[in-house]
Amino acid sequence: GAAKAVHSRAKRALPYDMSVREGEEGEWELSDVARASAREGLTGAIRSLAELKGVKIEEESALTKAKTLEEKAYTASKVDSRTTTGRRPDAETTQIYARKAGNLVIQVVEAIQRGDDGSSKAAGAEDSLDLCDGNREFVTAETAKAIFASILGAEKSAVRKIRLSTKSFGVDAAEVAAQAFAACRDTLVDLDLSDVIAGRPEDEAMKSLKCLCDAVECLKLENLDLSDNALGEKGIRACATALTSQSTLKGIAFRNIGCSVAACKAIHDLLACRDTLRRIHLYNNMSDDEGAFSIAALIQETPCLEDFMMVSSRVKQEGGQRLAKAFIGKNLVSLDLHDNILGPETAGALVEALRSQQHLKHLNLSETCLEDDGVELIAGSLMASAPKLETIGLAANDITPDVCPNLVRCLANKPCLREIDLKENELGDRGALLLSCILPSKPNLEIVDLYQNEIGRAGATGITKSVLACKNLKKLDLNANYIPNDCVDEIVAAMKQAHPEVVCEFDENDEDMVDDDTDPQELQAYSEGFDEELARSFEKL
């Protein structure tokens with residue numbers, strides 16, 4: 001309630017009558033008089049709200065802050081005034097301006113209360129500049145000069161990392177950023193250009209992006225992030241200079257960029273850092289099998305690849321198999337292909353690549369339609385490989401108790417496991433009890449996710465008992481299963497005593513689905529028999 005009142009008061013600081021005038025090309029603009037009146041009102045709002053918070057601020061300082069935030073609100077609103085179908089009604093844009101200004105007043109006052117006057121962002125004597133503060137902002141040339149002042153004004157910059165994410169750059173602002181990149185040419189190795197053209201018309205966005213990427217030519221980067229920009233093939237081509245000039249890149253990311261078949265081909269054709277590239281991340285794209293073919297060809301040409309992600313990219317069986325073959329001979333540390341329709345056929349193709357991995361730490365094949373047959377193949381390929389495996393994801397793959405013995409045997413000899421994600425499968429009590437046999441031997445275990453697995457009393461009790469001694473446990477998820485309410489109470493009590501910081505939720509538990517025909521003694525005998533068999537197999541090893 002208090003926050004709402006403060007917000008309302010900040011918005012009321014703006015003048016009621018803000019006259020709109022026609023700008024260039026019919027754009028929304030406020031008159032100079034209206035903007036000056038707004039800044040005066042915002043100055044008073046900042047001082048009043050700060051006083052309510054018990055902080056005193058001089059008028060001159062408040063006016064300086066008001067000018068800065070009004071400029072931010074104004075430039076952001078000008079961009080918002082343009083839509084894909086034309087121009088937003090002036091009254092609506094003016095309301096957006098007022099709302100943004102009100103939000104910024106609150107942020108300024110909260111920063112004053114924290115004792116943060118914004119000087120911590122200066123990067124002249126720092127080795128990094130990070131603009132991603134959770135606030136979206138449309139950057140003008142004037143704002144950019146202020147952002148990069150410490151770099152541009154320094155005799156010699158020591159900045160090694162720049163992150164521009166969530167700040168939308170127009171062409172003029174991009175030109176200022178380009179000057180800053182040039183000033184860091186001897187030190188800058190990590191550049192994050194993710195989400196830097198949001199809200200811009202396509203033509204302006206492509207020009208800004210090209211300007212930023214052309215400026216990369218003078219650098220010797222190790223990491224480049226182009227994620228969260230609506231690129232497509234046209235955008236990838238706009239980034240051509242950055243892709244062709246950087247021959248020493250170790251990591252590159254194209255998450256959520258609209259990476260189509262043609263865009264994937266462009267990446268393959270333009271990327272010059274074949275010999276040094278270790279990390280390739282693609283996420284939430286529309287690459288399909290044909291796009292995967294181009295990326296697979298790129299993988300085959302990158303001998304040092306360690307970390308590969310192609311997630312939620314509409315890759316199906318043919319594309320998955322082509323990728324799997326490209327991994328053969330690579331020394332992978334992390335492989336993430338989750339949320340693609342790969343099927344058991346891709347699992348079969350992955351066998352040869354996975355059975356030779358000795359450094360693999362992270363494997364995520366969740367939501368890939370593996371089913372029991374595919375999981376059986378994956379488990380078999382990892383039986384004598386990946387000794388340092390830390391995280392495994394096999395969620396939502398229709399895994400039944402039938403494949404659990406081999407899956408658990410595979411995980412039994414992975415002493416470094418920290419995270420096991422098997423949610424949204426059909427393990428049942430039998431699968432859960434088998435898994436419980438090996439969890440006490442995992443000293444680093446942090447996460448066990450068995451959400452929605454048709455687990456009843458016996459399986460839930462077995463899992464809970466098996467993790468009570470795991471000192472590093474951060475999460476145990478048994479929600480959305482078939483656990484009797486009295487058993488739920490016992491689990492919550494046991495976890496609260498052993499791991500008071502771990503919250504166990506059961507709001508989706510369905511007691512009505514409990515299988516009363518399950519023989520507890522039979523399940524216990526089944527679990528103990530497997531445990532003894534497992535022990536004998538380790539003795540043979």
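Residue indices begin at 1 and follow the sequence shown.
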Backbone of K250 reached by a side-chain donor or acceptor of T276 within 3.5 Å: no

If you draw a 6.0 Å radius around CD in Q358, do more than 12 non-hydrogen atoms from other residues or ligands fall strictly inside? yes

Report yes if some heavy atom in the side chain of I420 is under 4.5 Å from a heavy atom in the side chain of L439; otherwise report no. yes

Do S313 and N340 touch side chain to side chain, with heavy atoms closer than 4.5 Å? yes

By salt bridge (Lys or Arg N to Asp or Glu O under 4.0 Å), R163 pairs with (sequence neighbours left out) D130, D192

Listing request: all side-chain hydrogen bond (donor to acceptor under 3.5 Å, both in side chains) pairs with a residue in residues 490-507, at least two apart in sequence or in separate chains. N479-D507

Excluding sequence neighbours, so at least two apart, what forms side-chain hydrogen bond (donor to acceptor under 3.5 Å, both in side chains) with E390? R418

Qualifying residues under side-chain hydrogen bond (donor to acceptor under 3.5 Å, both in side chains), relative to Y283, sequence neighbours excluded: none

Looking at side-chain heavy atoms only, is the closest gap between E137 and T143 below 4.5 Å? yes

Identify the two heavy atoms, one from V139 and one from K167, that lie closest to each other, and give their separation to 0.1 Å. CG2-CB, 3.7 Å

Looking only at non-hydrogen atoms, find the nearest pair between G291 and C264 and report the distance. O-CB, 3.5 Å

Would you say that L365 contacts T346 through its side chain, given a criterion of any heavy-atom pair below 4.5 Å between the two side chains? no

Could you list the residues that satisfy side-chain hydrogen bond (donor to acceptor under 3.5 Å, both in side chains) with S366, not counting sequence neighbours? N364

For the side chain to side chain contact (heavy atoms under 4.5 Å, CB included) test, which of L323, L350, T368 pairs with L342? T368

Answer yes if the side chains of S165 and S194 hold a donor-acceptor pair under 3.5 Å, and no otherwise. yes

For I341, look at atom CD1 and say whether over 12 heavy atoms of other residues, nucleotides or ligands are found less than 6.0 Å away. no

What pairs of residues pass the side-chain hydrogen bond (donor to acceptor under 3.5 Å, both in side chains) test when at least one of them lies in residues 464-473, not counting sequence neighbours? none

Ignoring hydrogens, what is the shortest heavy-atom contact between C470 and L445? Give both atom names and the distance. SG-CD2, 4.1 Å

Main-chain N/O of V333 paired to Q357 side chain as donor or acceptor, under 3.5 Å: no

Using a cut-off of 6.0 Å, state whether more than 12 heavy atoms not belonging to Q107 lie near its atom CD. yes

Those residues at least two apart in sequence (or on a different chain) that pass ring-ring contact (aromatic ring centres under 6.0 Å, His included) with F308 are F327

Enumerate the salt bridge (Lys or Arg N to Asp or Glu O under 4.0 Å) contacts for residues 334-348, please, sequence neighbours excluded, ordered by first and then second residue. none

If we only count heavy atoms from C-beta on, is the M310 to I295 side-chain gap below 4.5 Å? yes

Run the salt bridge (Lys or Arg N to Asp or Glu O under 4.0 Å) test against D288 and tell me which residues pass, sequence neighbours left out. K316

Taking salt bridge (Lys or Arg N to Asp or Glu O under 4.0 Å) as the definition, give me every residue that meets it alongside K475, ordered by chain and number, with sequence neighbours left out. D449

Would you say K414 has more than 12 foreign heavy atoms packed within less than 6.0 Å of its NZ? yes

Minimum heavy-atom distance between L226 and F254, given as atom pair plus value: CD1-CE2, 3.9 Å

Are the side chains of L221 and L188 in touch, meaning some heavy atoms are under 4.5 Å apart? yes

All heavy atoms of N397 vs all of C369, minimum pair found to be OD1-N, 3.0 Å

Who passes salt bridge (Lys or Arg N to Asp or Glu O under 4.0 Å) against D289, sequence neighbours left out? none

Do the non-hydrogen side-chain atoms of I46 and L69 ever get within less than 4.5 Å of each other? yes

Applying side-chain hydrogen bond (donor to acceptor under 3.5 Å, both in side chains), name anything that partners D486, two or more places apart in sequence or on another chain. R457

Side-chain heavy-atom pair L337, V315 within 4.5 angstrom cut-off: no

Indicate whether the side chain of D228 and that of N256 have a donor and an acceptor atom separated by less than 3.5 Å. yes

Note: P415 and N444 closest approach over all heavy atoms is O-ND2, 4.1 Å

